[in-house]
Protein chains: 2
Amino acid sequence: MTLKELANLLGLSPTTVSRALNGYPEVNAETRARVAAAALAHNYRPNTQAKRLATGRAMAIGHVIPISIRHEIVNPVFADFIAGCGEIYAQQGYDMVLTIVPDADEARAYREVRSKGNVDGMIVHGPRLNDPRIAQLTEMGLPFVVHGRAMGVETPYSWVDVNNTRAFTRATEFLADLGHRRIALINGIEEMDFAARRRRGFERAMAERGLEVDPALMVAGEMTEAQGYDAARAMLARPAPPTAFLTSSLLSAMGVRRAVEAAGLRPGREVSIVTHDDELGFLKNGAEDPVFTATRSSVREAGRRCARMLLEMIAQGERAPRHELLEAVLVVGQSSGPCPVRP
Amino acid sequence: MTLKELANLLGLSPTTVSRALNGYPEVNAETRARVAAAALAHNYRPNTQAKRLATGRAMAIGHVIPISIRHEIVNPVFADFIAGCGEIYAQQGYDMVLTIVPDADEARAYREVRSKGNVDGMIVHGPRLNDPRIAQLTEMGLPFVVHGRAMGVETPYSWVDVNNTRAFTRATEFLADLGHRRIALINGIEEMDFAARRRRGFERAMAERGLEVDPALMVAGEMTEAQGYDAARAMLARPAPPTAFLTSSLLSAMGVRRAVEAAGLRPGREVSIVTHDDELGFLKNGAEDPVFTATRSSVREAGRRCARMLLEMIAQGERAPRHELLEAVLVVGQSSGPCPVRP
DNA sequence: TTGAAAGCGCTAACAA
DNA sequence: TTGTTAGCGCTTTCAA
């Protein structure tokens with residue numbers, strides 16, 4: 001069923017039908033009702049391609065995912081974020097176009113998406129320090145919002161981020177308050193902006209409390225269970241082992257927990273484990289709580305906010321960058337997570 | 001830069017330029033070279049929307065994800081599958097359009113995507129028993145491939161699946177060979193076809209070995225760490241506790257492991273834990289191995305195969321359903337996974 | 001308040 | 001081997 005067919009059916013011109021359907025004010029109320037009824041009855045849907053060509057708007061948002069960033073695509077956080085975006089797009093009649101590219105082709109992918117003109121804007125995932133994509137997109141003149149920020153980038157840009165620095169400062173203070181002095185940090189890859197900020201937050205709190213940061217007790221890498229296990233095992237074997245672990249992910253925390261047990265220590269009794277596995281900043285212990293459940297709604301909310309911001313920018317043809325900084329919520333688990341340091 | 005502008009620039013008609021660029025054979029070699037050079041020099045990219053409208057092909061594949069299926073979108077397996085599809089789409093110049101809908105609106109979403117005409121085909125995720133989507137898509141006449149199968153659906157349809165039944169039969173036999181008689185099954189939600197098949201494989205092997213299936217040792221639910229922990233804890237507290245656990249997911253297995261330890265037993269010494277956490281069917285132990293690493297390449301491969309099958313069907317205008325059944329690979333971990341039963 | 005006509009950028013018959 | 005001419009289905013001036 002095309003617009004033309006519908007128009008013929010009604011004895012109207014395609015123009016009028018188009019106007020009626022798209023809410024133009026000059027249409028007679030009765031006509032509009034007739035048109036709406038007919039469209040409904042015949043299950044009419046305007047052809048997207050034609051609409052796009054005629055209006056010049058793609059009604060789609062692009063997400064480019066470099067595949068070699070393993071911790072990105074596989075991360076459940078990513079899936080939930082995407083789900084949040086999708087909700088908003090669906091509401092507003094936008095499509096979500098995902099492009100999966102090998103790492104090296106990322107720049108080309110953006111350029112291609114741009115010149116093919118099949119999206120009206122983009123969401124940038126997993127910003128790194130000095131991330132080149134931001135300058136590229138700015139230069140290309142395509143509206144975009146970054147999920148996260150990129151330290152080192154001078155050009156202004158729009159972003160939605162959680163206050164990672166502060167979240168880790170508070171987590172560290174929390175452990176210090178329990179009496180811990182040798183606190184280990186199991187971080188994500190510090191090329192990633194979020195991980196760099198978390199480390200900064202950690203170091204800041206340590207410095208303020210007059211605690212020494214032992215480089216041997218800081219590790220950065222893929223946030224897997226194996227990472228937590230290996231790192232914790234090595235640290236616990238040192239002459240001055242840590243009494244508390246702060247990790248960037250629940251998976252790492254589970255690995256840490258296993259290493260602690262393997263060393264004959266009781267997590268939550270002799271060793272503290274605290275983790276932050278949520279881009280909206282929940283802090284919880286890594287033991288009794290189910291994996292991947294507490295973090296999900298908040299990450300999805302971040303996705304919604306990114307999407308909403310971008311769609312608003314597009315609708316208003318706005319160029320001025322916007323920001324949204326979400327504060328972390330401190331949630332502390334009970335059973336086998338944090339504990340006071342033993343005398 | 002439009003086709004027309006490029007043509008004017010070259011003193012050719014748009015048609016010739018189009019033909020040259022799209023590899024039609026009747027174009028003079030020299031002309032083709034000139035056109036190609038000019039296109040490159042001016043960084044010409046054909047407008048996708050126009051192409052779509054003119055050809056009637058959307059050059060896009062749709063994936064509809066119902067959001068309430070939590071174990072679907074959040075599952076890392078899902079992300080990797082999508083990544084596999086994306087690789088193929090990128091190669092062939094297709095876009096991937098993701099639609100996230102509330103569970104209830106799923107049928108409507110398909111209908112809408114269809115009538116808006118913005119995809120040439122669809123991939124169906126996470127088929128359930130008697131899944132209604134298959135009949136719906138068939139009726140709509142849109143080419144589609146199901147990732148998995150749906151027991152109870154009579155209409156023929158195209159699918160790519162792993163042999164879940166056989167994988168679980170073999171895993172159960174493996175445990176039986178180690179001498180286990182009380183084997184527990186921690187399964188996914190059995191509305192999902194894959195989980196139903198896994199259970200069938202388990203029960204089949206038990207029957208063949210003359211082992212009794214204790215209903216109290218079978219559990220189905222969300223495949224989380226908590227599920228594994230709770231289920232195993234309850235089972236281990238029974239008068240006749242299991243000596244081996246077979247789980248549908250690595251996360252569940254980790255929970256089981258924790259419960260086993262909590263019960264004062266040593267996993268891999270006094271209790272066997274074997275898991276299948278891979279839609280291509282790896283079996284491995286749930287302990288020493290990093291989470292979410294072994295499974296990933298194979299799930300991605302499944303994505304590639306689905307995508308390839310669908311694109312071929314579209315290209316050939318083929319209606320006949322195709323199938324691809326992938327055999328499971330049995331990989332057994334070393335350290336703290338399976339063990340012979342203790343006398 | 002409605003309609004006619006042109007055009008978005010491309011492809012595809014048909015002619016030359 | 002190239003060009004002419006019509007669309008694809010919709011929106012959008014401009015007239016009526």
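Heavy atoms only: backbone and side chains are in, while hydrogens, waters and symmetry mates are out. In what follows, chains carry the letters A, B, and so on, assigned in the order in which the sequence lines appear, proteins first and then strands, with residues in each chain numbered from 1.
OP1 or OP2 of D:dT2 has at least one side-chain nitrogen or oxygen of B:T31 nearer than 4.0 Å. In this structure, B:N47 does not reach the C:dC8 phosphate: none of its side-chain N or O atoms is under 4.0 Å from OP1 or OP2. Note on A:Y44: every side-chain N or O is 4.0 Å or more away from OP1 and OP2 of D:dG9. Under 4.0 angstrom from either OP1 or OP2 of D:dT1 there lies no side-chain N or O belonging to B:Y24.
The aromatic rings of A:H63 and A:H125 lie tilted to each other, with the angle between the two planes from 30° to 60°.
The residue among B:V27 and A:R45 whose nearest nucleotide of DNA chain D lies closer to the 5′ end is B:V27. If you find the closest nucleotide of DNA chain D to A:A54 and to B:R32, the one lying nearer the 5' end belongs to B:R32.
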Are A:T2 and A:N47 close enough, and set up right, to give a side-chain contact (heavy atoms from CB on, under 4.5 Å), and what steps lead you there?
CA-CA 8 Å; A:T2 71; A:N47 178 301; over 6 Å; no
Should A:V124 and A:W159 be marked as a side-chain contact (heavy atoms from CB on, under 4.5 Å) after you check the CA-CA gap, both sets of side-chain angles, and the distance that decides it?
CA-CA 9 Å; A:V124 175; A:W159 50 263; over 6 Å; no
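No side-chain N or O of A:T15 forms a donor-acceptor pair with one of A:S18 less than 3.5 Å apart.
One interatomic measurement links the two molecules: CD of A:Q49 to P of D:dC10, which rounds to 11 Å at whole-angstrom precision. A:R57 has its CZ atom 13 Å from the C1' atom of D:dT12, to the nearest Å. If you measure from atom CG of A:L53 to atom P of D:dT12, you get 12 Å, rounded to the nearest angstrom. Look at NZ on A:K51: it is 19 Å from P on C:dG9, rounded to the nearest Å. Atom CD in A:E26 sits roughly 12 Å away from atom C1' in D:dT13 (whole-Å rounding). At whole-Å resolution of the value, CG in A:N118 and P in C:dG9 are 15 Å apart. Atom CG of B:N28 is separated from atom C1' of D:dT2 by 10 Å (rounded to the nearest Å). Distance B:N22 CG to D:dT1 C1': 17 Å, rounded to the nearest Å.
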If you restrict it to nitrogen or oxygen atoms, what contacts under 3.5 Å exist between nucleotides 3-5 of chain D and the protein, and what is each distance?
from	atom 1	to	atom 2	distance (Å)
D:dG3	OP2	B:S13	N	2.9
D:dG3	OP2	B:S13	OG	3.3
D:dG3	OP2	B:T16	OG1	2.8
D:dG3	N7	B:R19	NH2	2.7
D:dG3	O6	B:R19	NH1	3.1
D:dG3	O6	B:R19	NH2	3.1
D:dT4	O4	B:T15	OG1	2.9

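The residue from B:E324, B:E87, B:E312 that alone fulfils the salt bridge (Lys or Arg N to Asp or Glu O under 4.0 Å) condition with B:R305 is B:E324.
Residue A:H323 comes nearest to A:M309 through the heavy atom pair C-CE, 3.9 Å, listed as atom of the first residue, atom of the second, then distance.
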Distance-only donor-acceptor pairs under 3.5 Å for side chains of residues 149-157 of chain A, two or more places apart:
from	atom 1	to	atom 2	distance (Å)
A:R149	NE	A:D161	OD2	2.9
A:R149	NH2	A:D161	OD2	3.4
A:Y157	OH	A:A150	N	2.8

